[in-house]
There are 2 protein chains.
Amino acid sequence: MREGPDIARIASLVGDPARANMLSALMGGTALTASELALEAGVSLPTASSHLSKLMEGGLLTLASQGRHRYYGLAGPQVAGMIEAITGVAEAVGPKRVRPGPRDAAMRVARVCYDHLAGEQAVAMLDRLVEKDILLRDDNEIRLGPSAASHFAAIGIDVDARPRRPVCRACLDWSVRRSHLAGTLGAAILDKILAEKWARREKDSRAVIFSPPGKAAFERVFLA
Amino acid sequence: MREGPDIARIASLVGDPARANMLSALMGGTALTASELALEAGVSLPTASSHLSKLMEGGLLTLASQGRHRYYGLAGPQVAGMIEAITGVAEAVGPKRVRPGPRDAAMRVARVCYDHLAGEQAVAMLDRLVEKDILLRDDNEIRLGPSAASHFAAIGIDVDARPRRPVCRACLDWSVRRSHLAGTLGAAILDKILAEKWARREKDSRAVIFSPPGKAAFERVFLA
DNA sequence: GGGATGCTTCGACAAGGATCAAACTATGCG
DNA sequence: CGCATAGTTTGATCCTTGTCGAAGCATCCC
């Protein structure tokens with residue numbers, strides 16, 4: 001018999017369809033209320049509430065009360081990474097759709113992963129940043145290269161002013177099956193993409209749609 | 001309601017304690033028989049068999065029949081990565097022991113991961129072997145370098161005479177969160193460590209305790 | 001062939017847990 | 001204060017699923 005971290009407990013929390021849907025919905029990065037999550041999961045409000053308290057107790061969610069609204073969000077990037085990993089396996093072993101829908105295709109190109117960018121574009125970006133030695137990659141650990149501070153400062157991102165979370169993190173991409181950039185730097189880059197209106201978020205989806213000029217700008221800055 | 005990959009299905013497969021124990025047992029990369037897995041999970045053989053067929057149907061395992069033995073193994077590195085991610089979350093949110101016991105500390109330094117060494121020592125060893133180009137690492141794939149055969153022959157390990165399983169494999173370490181060496185070579189190295197009495201196994205635990213001279217010898221051979 | 005071993009299937013049972021309606025608490029608004 | 005909205009708790013129902021004993025296949029060894 002094995003001892004050690006109770007992985008069955010965590011996995012079974014994700015293993016209920018209603019809870020899985022809630023967690024997927026929260027992968028968009030924005031915190032949601034209990035009723036929104038109930039709708040998202042397709043269950044009644046009491047049922048949703050019960051699930052949410054279980055997820056809270058399991059440490060997978062955080063709660064921010066604002067008046068009579070209670071906003072639930074993912075507990076952190078590690079939880080988001082786990083959901084991505086599970087999604088990847090589900091995608092790989094799941095029934096192959098004969099024809100992936102258009103939204104599906106957009107998701108593969110670029111999507112939000114908790115608070116940063118994922119998908120082909122994101123994987124390409126990390127590759128390029130490592131290739132240019134702006135970031136230094138060692139296994140799953142990513143560090144800033146010597147030129148990182150000045151490089152990101154030039155595009156308005158201050159890599160020093162973000163103390164709490166790790167600046168860089170590798171996050172496995174379920175569609176490409178390689179790593180993309182997470183951490184505060186990943187979050188800051190997504191912020192910039194949206195702030196500059198290079199891309200917009202698809203309503204009710206994690207897909208991120210680049211406009212043609214936005215795509216060009218993004219590639220000039222990050223893939224050049 | 002969400003559509004997309006059925007993550008609840010996959011997570012619920014991992015979400016049963018018996019199945020979770022089986023999957024943890026398979027994280028070493030060694031394929032195991034149904035009876036071994038039943039023992040590992042602490043359930044009867046019929047129960048184990050039922051779980052195994054579910055895991056197979058879910059695409060999480062592969063099966064290799066050899067005569068009347070049927071060896072179950074993880075379906076691939078992606079599945080292993082998912083287990084690792086779940087383990088990481090479980091570790092993070094799990095009950096914080098007020099004071100990690102001495103055995104816990106020992107486990108972090110060195111432990112058995114089915115048939116090879118894991119923990120800080122093992123991660124350091126793989127790093128060093130790659131640094132010296134004895135092993136060639138490419139993301140999660142590890143191959144023998146040109147000098148590998150002679151290097152290991154010098155310490156009594158024949159890297160050629162082990163056909164069945166892959167010689168090298170990266171195995172993610174849950175305590176260090178980086179890779180260590182699995183595969184037949186990893187197994188052979190652990191054998192040597194125990195045969196030379198550099199270390200002993202703690203009773204009823206996975207911890208591996210080095211004696212002071214044993215530690216020095218290990219470091220001389222593998223970390224120099 | 002016959003017996004032993006490894007494993008799966010069948011059948012029955014028990015337990016856990018997901019679900020919702022209804023009642024209850026809390027916050028906001030006028 | 002009174003009413004509306006957001007959310008949780010309680011209780012009852014029902015169904016899924018994990019569990020093991022016994023029997024059934026398959027493979028190996030003598």
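A, B, ... follow the sequence lines: proteins, then strands. Residue 1 opens every chain.
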Can you tell me the distance, in whole Å, between the [atom1] atom of [X] and the [atom2] atom of [N]?
| X | N | atom1 | atom2 | value |
| --- | --- | --- | --- | --- |
| A/R19 | C/dT19 | CZ | P | 8 Å |
| B/L55 | D/dG18 | CG | P | 10 Å |
| A/N21 | C/dA18 | CG | P | 14 Å |
| B/L37 | C/dG6 | CG | P | 14 Å |
| A/Y71 | C/dT27 | OH | C1' | 14 Å |
| B/L39 | D/dC20 | CG | C1' | 16 Å |

For the helix from C/dG1-D/dC30 to C/dG30-D/dC1, what angle separates the axis at the start from the axis at the finish, each from five pairs, in steps of 10°?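 Angle reported: 30°, given to the nearest ten degrees.
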Sequence-distant partners of B/D127, salt bridge (charged side-chain N to carboxylate O under 4.0 Å, His left out), two or more places apart: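 Residues passing salt bridge (charged side-chain N to carboxylate O under 4.0 Å, His left out) with B/D127: B/R178.
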Could you pull out the closest heavy-atom pair between [X] and [Y], with the gap in Å?
| X | Y | result |
| --- | --- | --- |
| A/L63 | A/R70 | CD2-NH2, 3.0 Å |
| B/A110 | B/L117 | CB-CD1, 4.3 Å |
| A/A187 | A/H116 | N-CB, 3.9 Å |
| A/A48 | A/A34 | CB-O, 4.3 Å |
| B/A25 | B/L37 | CB-CD2, 4.2 Å |
| B/L52 | B/L61 | CD2-CD1, 3.7 Å |

Show, in sequence, the C-alpha distance, side-chain angles and deciding distance for B/L185 and B/L144, and conclude whether the side-chain contact (heavy atoms from CB on, under 4.5 Å) test is met. CA-CA 10 Å; B/L185 180 55; B/L144 296 173; 4.2 Å; yes
Does the side chain of A/V14 reach to within under 4.5 Å of the side chain of B/I86, using non-hydrogen atoms?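 No; the side chains remain at least 4.5 Å from each other.
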Would you say that B/V79 contacts A/V93 through its side chain, given a criterion of any heavy-atom pair below 4.5 Å between the two side chains?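 Answer no - side chains too far apart.
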Residues of residues 8-17 of chain A with any non-hydrogen atom less than 4.0 angstrom from an atom of DNA chain D: list those, numerically ordered, please.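 Hits under 4.0 Å, by residue number: none.
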Assign the ring pair B/F222 / B/W198 to parallel, tilted or perpendicular, where the plane angle (0 to 90°) is split at 30° and 60°.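 B/F222 and B/W198: perpendicular rings.
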Which label fits B/F210 and B/F218: parallel for a plane angle under 30°, tilted from 30 to 60°, or perpendicular past 60°?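 B/F210 and B/F218: tilted rings.
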OP1 or OP2 of D/dT17 sitting under 4.0 Å from any side-chain N/O of B/H51?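 Checking D/dT17 against B/H51, no side-chain N or O comes under 4.0 Å of OP1 or OP2.
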Taking only the side-chain nitrogens and oxygens of B/K54, find out if one of them lies under 4.0 Å from OP1 or OP2 of D/dT17.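 Checking B/K54 against D/dT17: no side-chain N or O falls below 4.0 Å of OP1 or OP2.
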Show every side chain to side chain donor-acceptor pair (under 3.5 Å) that has at least one partner inside residues 49-59 of chain B, sequence neighbours left out.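 Residue pairs passing side chain to side chain donor-acceptor pair (under 3.5 Å), neighbours aside: B/R19-B/H51.
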Output one line per pair: protein atom, nucleotide atom from nucleotides 12-16 of chain C, and distance, for all N/O pairs under 3.5 Å.
none

Can you give me the N/O atom pairs linking the protein to nucleotides 8-11 of chain C at distances under 3.5 Å, or say none if there are none?
from, atom 1, to, atom 2, distance (Å)
C/dT8, OP1, B/R70, NH1, 3.4
C/dT8, OP1, B/Y72, OH, 2.5
C/dT8, OP2, B/S49, OG, 2.8
C/dT8, O5', B/S49, OG, 3.1

Side chain of B/T33: nearest nucleotide among C/dT19, C/dC7, C/dA18?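 Comparing C/dT19, C/dC7, C/dA18 against the side chain of B/T33, the answer is C/dC7.
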Keeping the roles fixed (side chain from B/K192, backbone from B/I155), state whether a donor-acceptor pair exists under 3.5 Å.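 Judged by distance alone, yes, a pair lies under 3.5 Å.
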